[in-house]
Amino acid sequence: MQDAYDPAAVERDAQQFWASRGSFRSVENPAKRKFYCLSMFPYPSGKLHMGHVRNYTIGDVLTRYYRMRGFNVLQPMGWDAFGLPAENAAMANKVPPAKWTRDNIAYMKRQLQSLGFALDWQRELATCDASYYKWNQWLFTRLFRKGLAYKKTGVVNWDPVDQTVLANEQVIEGRGWRTGALVEKREIPMYFLRITAYADELLAALNDLPGWPEQVKLMQKNWIGKSEGVRIGFPYQLGSQNHVLWVFTTRADTLMGATFMAVAAEHPIALAASKNNPRLAAFVDECRKGAVMEADLAQIEKKGMPTGLDAFHPVTNEKIPVWVGNYVLMGYGEGAVMGVPAHDERDYAFALKYHLPIKPVIRHPLGDTVPAPWKPEYAEYGVCINSAPYDGLPYQEAVDAIAADLKAKSLGEKQVQWRLRDWGISRQRYWGTPIPIVHCPACGDVPVPDDQLPVRLPEDLVPDGTGNPLNKLAAYTDTKCPACGKPAKRETDTMDTFVDSSWYFARFACPGQDKAMLDERANYWMAVDQYIGGIEHAILHLLYSRFFQRAMVEQTGLMQGVKEPFANLLTQGMVLAESYYTDESGRREWVNPADVDVVRDAKGNIVSAKAKDGRALVYDGIGTMSKSKNNGVDPQALIDRYGADTARFYTMFASPPTNTLEWSDESVEGSYRFLRRIWTFAYRFSNATKSKDVDKEVRFRIHTELKQAGYDIQRQQFNTVASACMKILNALEEIEDWNATTEEGLSILLRLLSPIAPHVTHHLWRELGFGEDIMSAPWPDPDPAALEQDEIELVVQVNGKLRGSIRVPKAADRGAIEQLALSNPNVQKFVAGQNVKKVVVVPGRLVNLVV
RNA sequence: GCCGGAAUGGCGGAACCGGUAGACGCAGCGGACUCAAAAUCCGCCGGUGGCGACACCAUGAGAGUUCGAGUCUCUCUUCCGGCACCA
């Protein structure tokens, strides 16, 4: 055995061993309990970043752990290969997205393999392969025929200079990222998936997910946003025609306090009223400027303008002015709201600003009036006042009575409203799954029949930033109607990449299947037993996948009974790093932390920073690693220098998986040092003469750590599993000679460490003759006999403050413990001359004397 | 703005259930080895006071519940994630 730890050689050998054995291949075996462990697949952006290393190490630790526990484990890997970055790279380098993407995949695959992840590469898939996206198209046509996919208009960001649709990410402070032009909203026809048909089910089934973090379930619940209220109609006239302006409210009890109506700029009333009103037309126009992001809309100054139209109150018939409000969203509810300034904060501010009447109609904790400034109590529930005929009714009774009265007039009914909206999947972009629709002048939108799938995406185009290049490709767009055979145009929009990632987990179960989306192998492997990914996916990706799982069960008939795709979910925290910039050139230029020298004060705070080339830098705080801030830490440098095991060990040891991980170069060194220490220890052990002695005290500590580590790995707190390995080595190093406890401890240590650092433990396991393949060794369990103790230590407190400790026999009774506690000299100092009022004894832990 | 989190030494973190706050590691300081450096090994390492035994303070801030609170409740602050076309 070599005396120096050489990670490169050890890792090459171990990886060759696994490759020659096919160690990572998974085969269905109904006789064995399966464990499907899946980490979110990466976008092939070029090279791995630290978030990937962290994500896949977590998955691999669990994979290897469950394998040692005797499960039939599957851990696959694939590529989320469609998307915007490939188009940007294509524009920058004049290379087709397909080539850029496949080159990246090849490189990143080698990186993943060099990290020693136990991945079954025979199941690899890439969403940009026709063999994969064909089934996106297949499922889409099924949903389309069922009405679960449909066409309507949707709002997009429009860059008027480039004449192109922008992603939210491409809108910087309301302007197009390339042109700097003010972005406009534009309504265009799009295809939507009817996820709202599953809203009830997606909400209720959150209760069937005990293996999900509460915070994620809560976020999903709030996102789906079920609210029960009343849909209320306010009649109005436009010209000589009678119409009804519908609103939805959860506060129908405040109906009698409605003093204005507010509609979205896109609302038909606003459009009609602005025809003969240039000022209003200008305001509506202004509202349509700017981007579509809700976060921006929620923070803009609330503005409005009267339409000049009045609606009639459905109970009193009083005239109520109709306003256009820039804060009313067309996409939510009816695109209109009733304004009740007295009991809604936003309406209150709006009424003050535009001098609209404020009419209190609810008795709130502060009284019957609502003097400025606004107080949160004004919005609380209470009995109705100034609301004849509903005076004196509490909330629910008022809502019931009002809903009943409105229903009689056909001007209202109780309604459940969802915040969740249908999922718009059309993208006016090239690098995505073609939407399989043909537009026929005679037959309308015709889904492409199965025998013509897949609709293949031409792979040699290079986008230029001015819209979708497919539009300019007649060979693609000109086709025949599948229904009538006459000339027709192919749809050129592609699908949202979230479609690709909403079902890949099931496809991994069915490699090579080209006759169907899925086959019966999905019945064996699904659901995913453990899913691991970034907390940033807590809502959209996970919600879409839950929706797709249900759609797949319905359309394929497979996986009956597997409604939820992910039984257990681990949301890892993000990997953060410091970022630095210089604005010497007038523009912010970001400098990678690897090229920065930092001066800190005694408390560790950054005082100043300089680039390696001497330029003074501004510290911009800690944040997610991103290209835009150039603060990514390249894991390859880490692997090259220290090896995969150190990279893996560091990411597990540095913090618990759900926390954010703040990158620190210095701490990596400690992980490497630990692996080296094990190596050296094992080397010395292999050459030593061993006695048969047992060190009872060290053995107790080893098994105590083992017990804790076994618990910690199950609760997925891997940082303390790594600590336990260090503590065991520390304990072993205290033994004077090489004995039976050393040998037992080493065997436990290597197995405990093997999921985290598989290469070095694989090597040492064989070298020390413990066995042939540590991957197949059983996970160690603590020996109850080793954990037995004759005497235990109890802490003694006086009034909750630590004053001493006592050693008592394990079986000591309460009286004896009290006696012993009281006789402790330091304790006596604090008890002397006072009455002991109460004695709290926590068995095995402490005694608290209350004086 | 709305929804969800987080906050413990110079730093990452530990403390499962309310029961010894700071395990384990990093950085730092002192020492051994060395011609020297690296590596390695030994010791110290929250703050204040004290020669010391020890005492007091301390888990973002403020209150509360409890024999006992980092942990539970309320209010606040700061930071992080998401907000539907980044993935």
Side-chain angles (χ1 to χ4, degrees), chain A residues 40 42-43 45 80 83-85 154 156-157 165-171 213-216 218-223 225 292-300 327 331 346 419-421 423-429 496-498 501 534-541 543-544 571 573-574 576 600-605 621-624 626 653-656 658-662 664 666-671 673-674 676-677 680 708 711-712 715 717 719-720 722-727 730 793-802 805 826 829 837-840 842 845-851:
Chain A
M40 290 180 186
Y43 178 81
S45 54
D80 190 11
L84 195 55
V156 294
N157 303 305
V165 175
L166 297 179
N168 284 341
E169 188 190 52
Q170 298 172 313
V171 180
E214 286 305 319
Q215 55 156 318
V216 173
L218 192 52
M219 280 192 267
Q220 292 222 346
K221 177 176 180 246
N222 292 335
W223 183 264
V292 297
M293 281 99 91
E294 198 196 296
D296 291 346
L297 289 171
Q299 284 169 79
I300 51 171
Y327 61 93
R346 194 175 55 187
R419 209 188 77 95
L420 182 68
R421 309 198 293 258
W423 172 14
I425 60 157
S426 295
R427 297 291 178 268
Q428 296 67 45
R429 286 210 200 93
D496 181 2
T497 57
F498 270 123
S501 56
I535 181 68
E536 69 273 18
H537 294 292
I539 297 177
L540 291 178
H541 164 61
L543 192 62
Y544 292 150
T571 51
M574 316 209 36
L576 309 181
R600 290 169 190 268
D601 64 17
K603 289 188 172 173
N605 297 314
I622 203 152
T624 58
S626 71
F653 177 62
S655 95
T658 53
N659 277 24
T660 56
L661 189 154
E662 290 170 24
S664 151
E666 295 98 9
S667 306
V668 175
E669 192 70 41
S671 299
R673 194 175 300 153
F674 169 64
R676 237 173 16 212
R677 266 177 67 208
T680 310
Q708 183 64 42
Y711 176 76
D712 287 345
R715 64 174 176 149
Q717 187 169 290
N719 55 325
T720 49
S723 298
C725 294
M726 291 175 158
K727 289 179 191 177
N730 290 346
E793 186 174 302
L794 288 186
V795 161
V796 186
Q797 298 179 334
V798 179
N799 287 344
K801 291 207 177 221
L802 175 67
S805 68
N826 203 47
K829 229 165 64 184
K837 281 195 284 194
K838 188 174 168 185
V839 180
V840 181
V842 183
R845 284 215 173 254
L846 58 72
V847 186
N848 188 17
L849 307 168
V850 185
V851 298

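As a basis for the values below, the full set of heavy atoms in this structure was taken, side chains included, without hydrogen atoms, waters or symmetry mates. This structure is a prediction, so every number in the text was calculated from the model and none was measured. The sequence lines fix the lettering, A, B, ..., with proteins before strands; numbering per chain opens at 1.
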Asker: Indicate, with a heavy-atom threshold strictly under 4.0 Å, whether Glu666(A) touches base, sugar-phosphate, or nothing.
Answerer: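 The answer is sugar-phosphate, as Glu666(A) gets under 4.0 Å only of primed atoms, P, OP1 or OP2.
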Asker: Taking any heavy-atom pair under 4.0 Å as a contact, classify Gln170(A): base, sugar-phosphate, or nothing.
Answerer: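 Answer is nothing: Gln170(A) stays at 4.0 Å or more from every strand.
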Asker: Regarding Glu536(A), tell me which of base, sugar-phosphate or nothing describes its non-hydrogen contacts under 4.0 Å with the strands shown.
Answerer: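 The answer is base, as Glu536(A) lies within the cut-off (heavy atoms under 4.0 Å) of a base atom.
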Asker: Give the rounded distance in Å between these two atoms: CD1 of Ile535(A) and P of C83(B).
Answerer: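 Atom CD1 in Ile535(A) sits about 12 Å away from atom P in C83(B).
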Asker: Assuming nearest nucleotide by heavy-atom distance, tell me which of Val668(A) and Tyr43(A) is located more 5' along RNA chain B.
Answerer: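 The 5'-side residue here is Val668(A).
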Asker: Can you tell me how far P of U66(B) sits from NZ of Lys837(A), to the nearest Å?
Answerer: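 To the nearest whole Å, that distance equals 13 Å.
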Asker: In whole Å, what separates the C1' atom of A23(B) from that of U75(B)?
Answerer: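 Between the two C1' atoms, the distance is 33 Å.
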Asker: Are the side chains of Leu846(A) and Leu794(A) in contact, using a 4.5 Å heavy-atom criterion?
Answerer: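 The answer is no; the side chains never approach within 4.5 Å.
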Asker: Base, sugar-phosphate, or nothing for Pro656(A), non-hydrogen atoms under 4.0 angstrom?
Answerer: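 Sugar-phosphate, no base atom in range.
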Asker: If you look at every strand shown and take non-hydrogen atoms under 4.0 Å, does Ser45(A) touch a base, only sugar-phosphate, or nothing?
Answerer: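 Result for Ser45(A) = nothing.
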Asker: Rounded to whole Å, how long is the line connecting atom CD of Gln220(A) with atom C1' of G81(B)?
Answerer: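 Those two atoms, CD and C1', are 15 Å apart.
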Asker: Taking only the side-chain nitrogens and oxygens of Ser667(A), find out if one of them lies under 4.0 Å from OP1 or OP2 of G12(B).
Answerer: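 Looking at the OP1 and OP2 atoms of G12(B), neither is under 4.0 Å from any side-chain N or O of Ser667(A).
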Asker: Side-chain N or O of Asn222(A) less than 4.0 angstrom from OP1 or OP2 on G4(B)?
Answerer: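 So the side chain of Asn222(A) is within the cut-off, an N or O lying under 4.0 Å from OP1 or OP2 of G4(B).
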Asker: Of the options G1(B), C85(B), U20(B), whose atoms approach the side-chain atoms of Arg427(A) most closely?
Answerer: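 Closest nucleotide to the Arg427(A) side chain: C85(B).
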Asker: Write down the distance between CE (Met219(A)) and P (C80(B)), rounded to a whole number of angstrom.
Answerer: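 The answer, rounded to whole Å, is 16 Å.
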Asker: Is Asn719(A) close enough to G25(B) that one of its side-chain N or O atoms is under 4.0 Å from OP1 or OP2 there?
Answerer: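 The answer is no; no side-chain N or O of Asn719(A) sits under 4.0 Å from OP1 or OP2.
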Asker: Just the rounded figure in Å: distance from P of G82(B) to CG of Leu540(A).
Answerer: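 From Leu540(A) CG to G82(B) P: 10 Å.
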Asker: Using a cut-off of under 3.5 Å, enumerate the N/O to N/O pairs linking the protein to nucleotides 39-42 of chain B.
Answerer:
{"residue": "A39(B)", "atom": "O3'", "partner": "Arg676(A)", "partner atom": "NH2", "Å": "3.1"}
{"residue": "U40(B)", "atom": "OP1", "partner": "Arg676(A)", "partner atom": "NH2", "Å": "2.6"}

Asker: Any side-chain heavy-atom pair from Leu297(A) and Tyr327(A) closer than 4.5 angstrom?
Answerer: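 Not in contact.
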Asker: Give one of base, sugar-phosphate or nothing for Tyr711(A), where a contact means two heavy atoms less than 4.0 Å apart.
Answerer: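 It contacts base atoms.
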Asker: Select base, sugar-phosphate, or nothing to describe what Glu662(A) touches, counting heavy atoms under 4.0 Å on all strands.
Answerer: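 If one applies the 4.0 Å heavy-atom cut-off, Glu662(A) turns out to touch the sugar-phosphate alone, with no base involved.
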Asker: Could you work out which one of A84(B), C86(B), A87(B) sits closest to the side chain of Thr497(A)?
Answerer: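 Among A84(B), C86(B), A87(B), the one nearest the side chain of Thr497(A) is A87(B).
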Asker: Which whole-number value in Å describes the distance from Met293(A) CE to G82(B) C1'?
Answerer: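 Interatomic distance, CE of Met293(A) to C1' of G82(B): 13 Å.
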Asker: For His541(A), answer base if it contacts any base atom (sugar-phosphate contacts may also be present), sugar-phosphate if it contacts only those atoms, and nothing otherwise; contact means non-hydrogen atoms under 4.0 Å.
Answerer: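 Result for His541(A) = nothing.
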Asker: Give one of base, sugar-phosphate or nothing for Phe653(A), where a contact means two heavy atoms less than 4.0 Å apart.
Answerer: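 Answer is base: heavy atoms of Phe653(A) come under 4.0 Å of a base.
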Asker: The side chain of Trp223(A) lies closest to which of these nucleotides: C83(B), C67(B), A15(B)?
Answerer: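 Comparing C83(B), C67(B), A15(B) against the side chain of Trp223(A), the answer is C83(B).
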Asker: Out of Ile535(A), Leu218(A), Thr571(A), which residue meets the side-chain contact (heavy atoms from CB on, under 4.5 Å) rule with Pro213(A)?
Answerer: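 Option passing the side-chain contact (heavy atoms from CB on, under 4.5 Å) with Pro213(A): Thr571(A).
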Asker: Base, sugar-phosphate alone, or nothing: which one does Leu218(A) contact when heavy atoms must sit under 4.0 Å apart?
Answerer: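 Leu218(A): backbone/sugar contact only, no base atoms under 4.0 Å.
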Asker: Given side chains that start at C-beta, do those of Asn659(A) and Asn719(A) come closer than 4.5 Å, heavy atoms only?
Answerer: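 SC-SC contact between Asn659(A) and Asn719(A) ruled out.
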Asker: Check the orientation of Phe498(A) and Tyr544(A). Use parallel for under 30°, tilted for 30 to 60°, and perpendicular for over 60°.
Answerer: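 It falls in the perpendicular class, over 60°.
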Asker: Does any N or O in the side chain of Asn799(A) come within less than 3.5 Å of the main-chain N or O of Val851(A), such that one atom is a donor and the other an acceptor?
Answerer: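 Between the backbone of Val851(A) and the side chain of Asn799(A) there is a qualifying donor-acceptor contact (under 3.5 Å).
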Asker: Assign Lys801(A) to base, sugar-phosphate, or nothing according to its heavy-atom contacts below 4.0 angstrom with the strands shown.
Answerer: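 The answer is sugar-phosphate, as Lys801(A) gets under 4.0 Å only of primed atoms, P, OP1 or OP2.
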Asker: Mind listing the closest non-hydrogen atom pair of Thr660(A) and Ser655(A) along with its distance?
Answerer: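 Taking every non-hydrogen atom into account, O-OG, 3.5 Å.
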Asker: May I ask you to decide if Leu166(A)'s main-chain N or O and Asn157(A)'s side chain share a donor-acceptor pair within less than 3.5 Å?
Answerer: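 Yes: the side chain of Asn157(A) pairs with the backbone of Leu166(A).
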Asker: Once hydrogens and angles are ignored, does a donor-acceptor distance under 3.5 Å link the base of C67(B) to the side chain of Asn848(A)?
Answerer: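 Such a pair exists between side chain and base.
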Asker: Give the dot-bracket line for RNA chain B from 5' end to 3' end: parentheses for intra-strand Watson-Crick or G-U pairs under 3.5 Å, square brackets for crossings, | for inter-strand pairing, dots for unpaired.
Answerer: (((((((..(((......[....))).(((((.......))))).((((....))))..(((((..]....))))))))))))....
Asker: Using a 3.5 Å distance criterion without hydrogens, assess whether the side chain of Arg419(A) forms a donor-acceptor pair with backbone atoms of Trp223(A).
Answerer: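 Yes, the answer is positive, given that a donor and an acceptor are paired below the 3.5 Å cut-off.
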Asker: What is the distance, to the nearest angstrom, from the CZ atom on Arg421(A) to the C1' atom on A84(B)?
Answerer: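 So the two atoms are 5 Å apart, to the nearest Å.
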Asker: Would you tell me if any nitrogen or oxygen in the side chain of Asn659(A) comes within less than 4.0 Å of OP1 or OP2 on G13(B)?
Answerer: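 Affirmative; the distance criterion is met.
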Asker: Donor-acceptor pair under 3.5 Å: do we get one between Gln299(A)'s side chain and the base of G1(B)?
Answerer: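 Yes.
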Asker: For Gln797(A), run the side-chain contact (heavy atoms from CB on, under 4.5 Å) check against Val850(A), Asn848(A), Val842(A), Val847(A) and tell me which one passes.
Answerer: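 For Gln797(A), the side-chain contact (heavy atoms from CB on, under 4.5 Å) test succeeds with only one of Val850(A), Asn848(A), Val842(A), Val847(A), which is Asn848(A).
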Asker: Under 4.0 Å, counting only non-hydrogen atoms across every strand here, what does Leu420(A) touch: a base, just sugar-phosphate, or nothing?
Answerer: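 Base, at least one base atom sits under 4.0 Å.
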Asker: Applying a 4.0 Å non-hydrogen cut-off, can you work out what Val165(A) is touching in the nucleic acid: base, sugar-phosphate, or nothing?
Answerer: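 Since a base atom lies under 4.0 Å of Val165(A), the category is base.
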Asker: Within the 4.0 Å heavy-atom criterion, would you say Val156(A) contacts the bases, only the backbone, or no part of the nucleic acid?
Answerer: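 Base contact - Val156(A) has a heavy atom under 4.0 Å of at least one base atom.
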Asker: Can you tell me which nucleotide in A14(B), A87(B), G13(B) comes closest to the side chain of Gln717(A)?
Answerer: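 Selected nucleotide: A14(B).
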Asker: Send over the distance from Leu846(A) CG to C67(B) C1', rounded to a whole Å.
Answerer: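 In whole Å, C67(B) C1' lies 10 Å from Leu846(A) CG.
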